[in-house]
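Convention: sequence-line order gives letters A, B, ...; per-chain numbering from 1.
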Amino acid sequence: MTLNITNVAVLVVLGLFATGFYGLLAVRNLIKVVVALQILVKGAMVALVAAGNLTGQLQAAQSMALTVIVADTIVAVVALALAVQVRRCIGTLDIKALTSLKR
Amino acid sequence: MAATLLILSIAIPWFGALVVWLAGDARPRLQHGLAVAFSVLAGAVAVALLPFSSSQILLSIPVGGAFGDFTFAADGLGVFLAVVATVVGSLAVIFSVGYMRGEQQLGRYYALVLFFIGAMVGLVLTTNLLLIFFFWEITALCSYALISFYNDDPKAVAGGIKALIITQLGGVGLLLGALMIFSYTGSFDLRDFIAQAGNIPQTALAVMAFGFLAAAAAKSAQFPFQTWLPDAMEAPTPISALIHAATMVNAGVYLLVRFYPAFAEVPGWRTAVMLVGMLSALLTAIMAMVATDLKRALAYSTVSQLGYMVYAVGAGGLFASQFHLMSHSVFKALLFLSAGAVIHGVGTRDMRLMGGLGQKMPFTRAVFVIGALALAGLPILNGFWSKELVLEAGLVGGPLWMWVVMLVGAGLTACYTFRMVWMVFYGQPRAKLHAHEAGAAMKTALAPLAAGTLLTWLLAGPFSKLLESTLPLHALESHSTLHYLEEVALAPATLIAMVVIALGLAAWWQRARLQGLVNALSGVARAAADSFGFEAINRGIVRATQNSAENLRVTQTGLVSWNIFGIMAGLVLVLVILLLGA
Amino acid sequence: MWHVLASLGILVCAIQAIRSQRLLMSALWLAGTSALVSLLLYLLGAPEVAVIELSVGAGLVTVLFVFAINIAGEEAIHLRSPLPRVLTWVTVIAATVLVGWMVFPGMAMPASVPVAEPSFTTTLWVDRRVDVLLQVVLIFSGVLGVLGLLSEGRAGAQKESRQ
C-alpha cells in the first residue's frame, strides 16, 4: 500500500474515528465530550472529501462537507450552551452527576 | 374541495386542541367556548364531506419511497365513522361544558378530547397501513390519558394503565399483520392488499387475519380482553360516552369490517370472529345483571353490544354490523351522557343508593328511558331495527346454536336494562341524595341524541347507499329504507326475538317469584361479579408487563457513556451485518 | 510529503485533545487538529471547504470553547469512566477495524474518470439548494436554541431573586 494522499487520508479518518470513539466512551467531563464529538465529525468530513477525491466528484463532496461543518458547528454551540447550563444548575460538569432523572 | 374538507376534518380538531391548550387554564370560559366551537366546526365539516363519499382515493401525499404515499379516501365506511366521531364528539364536548364546570386543568381535558377526535377521523379515512397504525395508537394514548384524567386517584391511574397495556397488546397484533402485509404485497396501501389477498399463502394470510382479530378484540374490549372497559369508567363521563361507547371502541369493529373481504376466506376466521362476538355478548350481559355501579353496568352493555357487531361481521352481515354500530353510538352516547347527568346530580355512581330519582329529574329520566328502550331492542326505536338485522344476519351466515345464544343475550339485555332503569329512576329512594336536574348545556347535548335514538332507523336506505361507496371488493348492495323495514318486520325471527325480549322483561317483572331460580344461579352471579376469572388473566398481563418494564429499568443507567456504548454497539452490529451480507 | 506530516500532526493533536487534563489545553489541541485538517483538505483538492474549516472550525468553534470554559470554569475530572476499560477498548477497536475493513477494499478500485463537474458555486447553490436551505434552517434553530437556553437561565435567576 503506497502512501498516496487518499490512502493516508483514510488512515487519518480511521485514527480520528478511533480517537473520537474512545473520547466519547471514556471521558467524564461534559465539555470534553463535545471535544470528542468534534474530532469524530472531523473524521467524517475528511472521509467525504477523500471519497470525492477518489471518485473525481470533489465539488459534490465539498458541498456536503460544508453541510457537515454547519451542522457540526451548531451542535457544538448548542452542546456548549447546554454544558454551561448544566454547570450552572448542578454545579459540576461530571456526567455521572447528570443522572437525576433516573430515580 | 372534497380533499380540503378531508384535511380540515382532521386538522380542525388538532388545531383546536393546540388553541385550547394554549388558551391557558386561567380562562375556563374561553376554553369551554373554544372547545365547543372547534368540535362543532369539525362535525360540520365531516357532515359536509358526506356527499363527496366515493371509493376513489381523494388525497395522496407523496412522502418519499419508504412508507408509500399517505393516502386518504372518503369512502362510505370511513365518512360514516368520521361523522359519528365528530358529531358525537361535539355533543360530548357541549355536555362537558356543564359536566366539567369548575374542574381544574380543563386545557388538558379539552386538548386531549379534540386530539382524540382528529385521530379517530384520521384512522377511519386513511388507507395507508402505517397511518392506520399511527392513528390507532394516538387514540389509545388519548384514551389512556383521559381515563387517568383525575391523576390523583389511584383507581383512575390503574384503569388507564390497564387500558393502555391491553390495547397495546392488541396493537402488536395490528403491527404484526401490517408488517406481514407489507412484506407480502410490497405496498402500504390497504386497497392493494385487499385486491391481492388471494395471492398470499394461506398460512401467512391466517397469521395476518388472527393478528388483526386480536387487535380488534383488544380495542373493542371483546373476549378475552373485555375487562379493561369497565375499569375505564373512572374517566369523566363525557369521555366514557365519547371514547368508550361511541367511537374508539368501534375502531376494532371498523378494522374487521375494513379487512373483511381479504380475510373472509381464511378457514376458521369467520367462526372465530363470531365466537369472540358471541362470548363477549353473553358473558358481559350476565355481568351487567349483577353490576351495581351505574357506569360499569353501561360499560358491560357496551361490550355486549359490540359483541353483537363483531358477531354480525363474522356472519358476513357488514351492513347489519355497521347499522347497529350507528344505532349503538347514538343510544349508548345518550345513555352515558344521561347517566353522567344523574351522577353529576346525585354525586354517586352506586345504583344501590339511587332510586326514585325520576321525580327530581324528569328530563333525564325521559331521555334515559328512550335510550334504555333502544338498548333493550324494543320497537320502534333504532336499536330494535339494527339488532334484528344483526340477528337475521347471524341466522343466515352463522350456525343456529350461536343464533340461539345471541337470542338469549338479547333477552338478558332487556332484563338488565330494566333493572338499571328501575334501580335509578323508580321505586323508593334508598338513600338521602340531593338530586338536581341537568343543566342547559347537558340538555342541549341530550336532546339531539334522544331525537336520534327515535329516528335514525329511518336512515337505513340512505345509509346503505352511503356504504355502497365503500372501498371496492366490499360488494355491499343498497336498498331502500322500506325494504329493510319490511325485511325486519316480516321475518319470523323477529317475532321469536321479540318473545325472548318480552321474556327478559317478564323475568325482571316477576323477579320476586323467580327467587328460587335466582338462588340456584347465585354461583353464576358470583362468578359474573368476578368477571368469570378473566379479570385475573387481564390483571396478570398488566402485571407481567409492568414487572418486565421494572426489570428493564436496569438498562437505563442515565449515564451518557453507557448510552454512547449502546449506539456504538449498534454501529458494530450494523457493520457486521453489512459485512456478512456483502 | 506534506500530507504525511499533516496527517501525523492531526492524529497527535486529536489524541492530545482527549488526553489533556486541562479543558483549555484540550480546546487548543482541538484547534490545532482543525487547522491541520483544513491543510489536509486543501491538499486533497478542496480549497473552499478548507478555508471554511479553517475559519469556522479552528476559529469560531475555538472561540466558543474558550468562552464556554471561561463561564463554566476549569474543572479537572480525573475519575475513571463509568464504563469498564476493557469494554471501551474492545468497542473502539471493533468499530474502527470494521470500518477500515469495509473501506479499504473500495480504495483498490481503479480511479474513475474525473467527471466534468460544474464549479463549487454552482454545485452548492443550484444542485444542492435543499442542503443550503437546510443549513439556513439549522443555523436559525441553533441560534434560537442557544437564546432559549440563555434566556431560561435569566428567567431562573429572576425567579430566584424574587424569592
message: Under a 4.5 Å cutoff for heavy-atom pairs, which residue among A/Arg87, A/Lys96, A/Gln62 has the most contacts with chain C?
response: A/Gln62

- prompt: Quick one: which residues of residues 84-91 of chain C reach chain A at under 4.5 angstrom, heavy atoms only?
  reply: C/Thr88, C/Trp89, C/Thr91

- request: To the nearest 0.5 angstrom, please state how far the CZ atom of A/Phe21 sits from the OG1 atom of C/Thr96.
  value: 6.0 Å

- prompt: Any idea which of C/Ser7, C/Ala50, C/Ala46, C/Ala95 has the most non-hydrogen atom pairs under 4.5 angstrom with chain A?
  reply: C/Ala46

query: Does any heavy atom of chain C fall under 4.5 Å from the side chain of A/Val75, the backbone, both, or neither of them?
result: neither

message: Quick check: closest heavy atoms across C/Val92 and A/Ala18, and the distance to 0.1 Å?
response: CG1-O, 3.7 Å

task: Using a cut-off of under 4.5 Å on heavy-atom pairs, state which of A/Leu14, A/Val49, A/Val84 scores highest against chain C.
output: A/Leu14

task: Quick one: list whatever passes side chain to side chain donor-acceptor pair (under 3.5 Å) with C/Gln16, sequence neighbours left out.
output: none

message: Quick check: closest heavy atoms across A/Ala71 and C/Leu138, and the distance to 0.1 Å?
response: CA-CD2, 3.4 Å

field: Heavy atoms of other groups near C/Tyr42 OH, more than 12 under 6.0 Å
entry: no

query: Between A/Lys32 and C/Ser26, what is the shortest heavy-atom contact and its length?
result: CE-OG, 3.8 Å

task: Check each atom of C/Leu64 against the heavy atoms of chain A and say whether the ones under 4.5 Å are side chain, backbone, both or neither.
output: both

query: Do you know which of A/Ile69, A/Thr6, A/Val78 has the most heavy-atom pairs with chain C at a distance under 4.5 angstrom?
result: A/Ile69

field: Under 4.5 Å from a heavy atom of chain A, the part of C/Ile139 involved
entry: both

field: Shortest non-hydrogen contact between C/Val49 and A/Ala65, atoms and distance
entry: CG1-CB, 4.0 Å

task: Just give me the residue among C/Leu44, C/Val61, C/Ile52 that pairs up with chain A most often, heavy atom to heavy atom, under 4.5 Å.
output: C/Leu44

- line: Shortest non-hydrogen pair, A/Ile31 vs C/Ala72, comes out as CD1-CB, 4.3 Å

field: C/Leu43 versus chain A, the contacting section by heavy-atom distance below 4.5 Å
entry: both

- line: One should read off an interatomic distance between A/Leu11 CG and C/Ile10 CD1, to the nearest 0.5 angstrom, of 11.5 Å

field: Side chain, backbone, both or neither of C/Phe65 within contact of chain A (heavy atoms, under 4.5 Å)
entry: both

task: Name the region of A/Leu82, side chain, backbone, both or neither, that has any atom closer than 4.5 Å to a heavy atom of chain C.
output: both

field: Contacting moiety of C/Ile71, where chain A heavy atoms sit under 4.5 Å
entry: side chain

- prompt: side chain to side chain contact (heavy atoms under 4.5 Å, CB included) with C/Leu98: which residues, sequence neighbours excluded?
  reply: B/Val572, B/Leu575, B/Val576, B/Leu579

message: Tell me which of these, C/Leu83, C/Ile69, C/Leu23, C/Val143, has more heavy-atom pairs under 4.5 Å with chain A than the rest.
response: C/Leu23

Contacting region of C/Leu60 [heavy-atom separation from chain A under 4.5 Å]: side chain

- line: In terms of heavy-atom pairs under 4.5 Å with chain A, the winner among C/Glu48, C/Arg19, C/Gln135, C/Glu53 is C/Gln135

- prompt: Hey, which of A/Ala60, A/Ala76, A/Ala51, A/Gly52 has the most heavy atom pairs under 4.5 Å with chain C?
  reply: A/Ala60

message: If I compare all heavy atoms of C/Gly142 with all of A/Ile74, which pair ends up nearest, and what's the gap?
response: CA-CG2, 3.6 Å

Qualifying residues under side chain to side chain donor-acceptor pair (under 3.5 Å), relative to A/Asn53, sequence neighbours excluded: none

message: Quick check for you: to the nearest 0.5 Å, what is the distance between C/Cys13 atom SG and A/Leu16 atom CG?
response: 10.5 Å

- line: Of C/Leu134, C/Val97, C/Leu41, C/Thr33, the largest count of non-hydrogen pairs under 4.5 angstrom with chain A goes to C/Leu41

Flag side-chain contact, heavy atom, 4.5 Å: A/Thr67 against C/Val132: no

